[in-house]
Amino acid sequence: MKDLRTPEERQSLHQYRCVKCAAEISRKNKVNVARYVCGKCRGRLIAIEN
């Protein structure tokens with residue numbers, strides 16, 4: 001079965017969502033959500049379960 005995800009989606013393991021603007025952010029490594037904020041609006045991030 002062929003994997004239809006983009007290379008970026010296959011590589012990214014951790015996903016986060018901003019609570020203020022609902023932007024979705026993907027990262028290879030886990031980030032400390034208490035320290036890091038959204039790059040668009042500076043809102044708080046929450047982890048999304050895959």
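- The hydrophobic clustering, which links ILVMFWY residues whose side-chain heavy atoms are closer than 4.5 Å, places Val33 and Val37 apart.
- When every heavy atom of Cys18 is checked against every heavy atom of Gly43, the shortest pair comes out as SG-CA, 3.9 Å.
- Between the OG atom of Ser26 and the CZ atom of Arg17 there is a distance of 10.5 Å, given to the nearest 0.5 Å.
- Here the shortest heavy-atom pairing between His14 and Asn29 reads CD2-C, 3.6 Å.
- Residues Tyr16 and Lys30 are in side-chain contact: their nearest non-hydrogen atoms beyond the backbone lie under 4.5 Å apart.
- Hydrophobic clustering places Ile25 together with Tyr36 (ILVMFWY residues linked when any side-chain heavy atoms are closer than 4.5 Å, directly or through intermediates).
- Residue Arg27 holds its CZ atom at 11.0 Å from CD of Gln15, rounded to the nearest 0.5 Å.
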